[in-house]
> 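Attaching a single structure in structure tokens format; questions to follow.
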Amino acid sequence: MQLCAIPTCRIRNRHLPDCDGECGGCLPRVAEEGLCCDVCVGRAAAALTAIITLTGDARAIAYGEVRRSTGGGSNKPGSRSPGNDDAMDALDAVQSTLTTIARDIAETRGINLHGRSNT
Ligand SMILES: [Zn+2]
Ligand SMILES: [Zn+2]
């Protein structure tokens, strides 16, 4: 068993031995299994789920399939706005960032992204 590896993982009002006690809490939770505690794993899973849920909407906006309602502007049926270049660029940036992070994690942890590795 070890302490959670997530840098922001802290138990409120619990402190590491070398802390002066002035902070709001600096002792990480305990990782029961693997490197992270259940709370951080749950948080990461929820964040990934949110990304998956929001991706469809983001793409629809980028490709001009839906209009972002900004309050003003006409909303005539049949008038599809063209693809949104800024949104496309943002999507590309997000996607490449996520891919880079995923590759980095996979490399660090020795996971083969093209197949399961249980070692
Ligand atoms: Zn502290
Ligand atoms: Zn944690």
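When a ligand or atom number is given, it counts from 1 through the structure's own listing order.
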> Considering all heavy atoms of both residues, which atom of Cys36 and which atom of Val41 are nearest to each other, and what is their separation?
CB-CG2, 4.0 Å

> So do the side chains of Arg29 and Leu3 get within less than 4.5 Å of each other, counting heavy atoms only?
no

> What is the SG(Cys26)-the Zn ion (ligand 1)-SG(Cys23) angle, to the nearest 10 degrees?
110°

> On a heavy-atom basis, which atom in Gln95 and which in Thr99 lie closest, and how many Å separate them?
O-OG1, 2.7 Å

> For residues Cys23 and His15, report the shortest heavy-atom separation together with the two atoms involved.
O-CE1, 3.1 Å

> Would you say the side chain of Leu35 lies within less than 4.5 Å of the side chain of Arg109, judging by non-hydrogen atoms?
yes

> Give the atom name of whichever N/O/S atom in His15 sits closest to the Zn ion (ligand 1).
ND1

> Between atom CG of Leu48 and atom OG1 of Thr53, what is the distance when rounded to the nearest 0.5 Å?
10.5 Å

> Provide the protein N, O or S atoms situated under 2.8 Å from the Zn ion (ligand 2); waters are not included.
Cys4 SG, Cys9 SG, Cys37 SG, Cys40 SG

> Supply the atom-to-atom distance Asp86 CG to Ile61 CD1, rounded to the nearest 0.5 angstrom.
13.0 Å

